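Input: a single structure, listed below in structure tokens.
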Amino acid sequence: MPVNGVLDDRGAQVLRHVVEDYIETAEPVGSRTISKKMGQQLSPATIRNIMADLEEMGYLVQPHTSAGRVPTSSGFRYYVDYLLARRRLARPERDQLQRMAAGEAGSASADEVVRQFSRLLSSLSRQACVVVVSRLSSQPLRSLNLLRAGVDRILLVSVTQAGWVEHRLIEGERDLSADDLVKINAYLNELAAGLSLPQMRVKILQEMKKEKARYDRLMQRALLLGARALDEGSPAEVYVEGRANILDKPEFVEDVQKLKRILRAFEEKSIIVRLLDRALEEEAIQVSIGTENPVESLPDISVVASGYRLGEATMGSIGLIGPVRMDYSHVIPLVEYSARLLSSVFEHR
DNA sequence: GGTTCGGCCATGTAATCTTT
DNA sequence: AAAGATTACATGGCCGAACC
């Protein structure tokens with residue numbers, strides 16, 4: 001058996017069987033099981049030797065002496081990189097996703113679209129599905145609207161061209177009449193045409209200099225308002241569906257501490273964003289296995305995620321979160337396909 | 001309720017057999 | 001003959017049952 005981390009054919013076959021059996025049963029896998037799976041070509045004792053080598057190379061571990069073996073993160077990594085049979089997505093699943101996409105294509109609200117995707121994906125995969133919509137602010141705007149929302153507060157509603165709606169509340173504005181707001185709206189929308197929020201902010205700051213010279217009180221006011229509203233960057237939206245699927249996983253049910261940490265992470269936007277962050281950068285699907293994922297406190301979960309886009313711009317990422325023991329051959333094509341569909345839904349709005 | 005015991009399973013290894 | 005595979009056996013840890 002070579003020691004540089006590359007496996008010969010037998011080692012690879014054994015590792016593959018161990019990983020697949022473990023994915024199925026969540027139990028440590030013994031040498032006899034593998035021997036049977038391989039049609040008794042090799043005796044359990046021989047398998048044991050091979051498994052001992054695999055353990056030495058860091059692909060397997062033994063929870064305790066005289067237990068079967070469990071794949072490590074790098075064991076899964078090797079499996080995903082070299083041994084995984086790239087399965088095509090099963091017909092019925094593709095149809096289901098496609099039907100849903102077609103149904104949602106006309107939907108008015110973009111976040112309803114991602115929510116539906118998330119729901120379906122979590123039920124097809126039996127994992128928790130997470131969608132992150134980030135960079136809302138990088139999308140070009142369709143419209144901008146200021147509404148009076150109380151004596152001293154104004155609501156800013158912005159709608160992007162893809163159909164995302166965002167609200168912001170501006171406090172402490174009491175002396176603008178409804179009539180003023182209508183004028184300001186018209187003015188800002190004229191400025192906004194086709195720009196994203198940050199671009200618009202820059203534009204507003206430029207305009208402010210000019211307006212100072214012209215001394216138009218209302219326009220000045222409009223710009224100040226716009227600048228205030230756009231001051232802080234927009235936070236990412238996060239949707240989590242299928243949290244309960246985590247409760248079906250024996251490895252988490254047995255360890256309440258792990259379960260708690262994971263469920264808590266689902267409540268924490270920033271953690272989710274961090275988990276799916278890499279998928280935003282890269283075009284290709286990202287698989288983070290166990291300790292590879294960027295959140296150190298969650299070494300027992302894997303993330304399979306892919307970005308989706310609107311034209312050139314990345315809009316967000318969609319991904320599945322589950323135990324390291326995920327059926328990657330199923331989940332990877334699922335996520336890939338969903339991300340592509342999601343992109344095309346937004347493309348055609 | 002906590003502890004001990006025996007069955008069970010999987011292991012590692014030495015001795016032995018098979019293949020090349 | 002050497003390398004590889006198998007057999008046979010002792011060992012270690014888990015788990016449920018019996019016991020205190």
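Just so you know, these numbers come straight off a predicted model, no measurement behind them. Reminder, nothing fancy here: chain letters follow the sequence lines and each chain counts from 1.
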- Query: Tyr59(A) vs Tyr78(A) aromatic rings, parallel, tilted or perpendicular, using cut-offs 30° and 60°?
  - Reply: tilted
- Query: How is Ser31(A) classified with respect to the nucleic acid when contacts are heavy atoms under 4.0 Å: base, sugar-phosphate, or nothing?
  - Reply: sugar-phosphate
- Just how far, in rounded Å, is P of dG12(B) from CE of Met51(A)? 9 Å
- Item | Any donor-acceptor pair under 3.5 Å from Glu24(A) side chain to Asp21(A) backbone | no
- Query: Which whole-number value in Å describes the distance from Leu54(A) CG to dG12(B) P?
  - Reply: 12 Å
- Message: For Glu55(A), is there any backbone N or O sitting under 3.5 Å from a side-chain donor or acceptor partner on Arg69(A)?
- Response: no
- Do any side-chain nitrogens or oxygens of Arg10(A) fall under 4.0 Å of OP1 or OP2 in dA5(C)? yes
- Length of the line joining Leu60(A):CG and dT11(B):C1', which is rounded to integer Å: 14 Å
- Quick one: does Gln286(A)'s side chain get under 4.5 Å of Val303(A)'s, heavy atoms only? no
- Task: In whole angstrom, give the distance that lies between atom CG of Asn49(A) and atom P of dA5(C).
- Result: 9 Å
- Using atom CD of Gln62(A) as one end and atom C1' of dG13(C) as the other, report the distance to the nearest whole Å. 11 Å
- Atom-pair distance (CZ on Arg48(A); P on dC9(B)), nearest Å: 14 Å
- Query: Does Arg32(A) make a side-chain N or O approach to OP1 or OP2 of dT6(C) shorter than 4.0 Å?
  - Reply: no
- Message: Whole angstroms only, please: what is the CZ-C1' distance between Arg69(A) and dT11(B)?
- Response: 7 Å
- In whole angstrom, give the distance that lies between atom CG of Asp53(A) and atom P of dG4(C). 11 Å
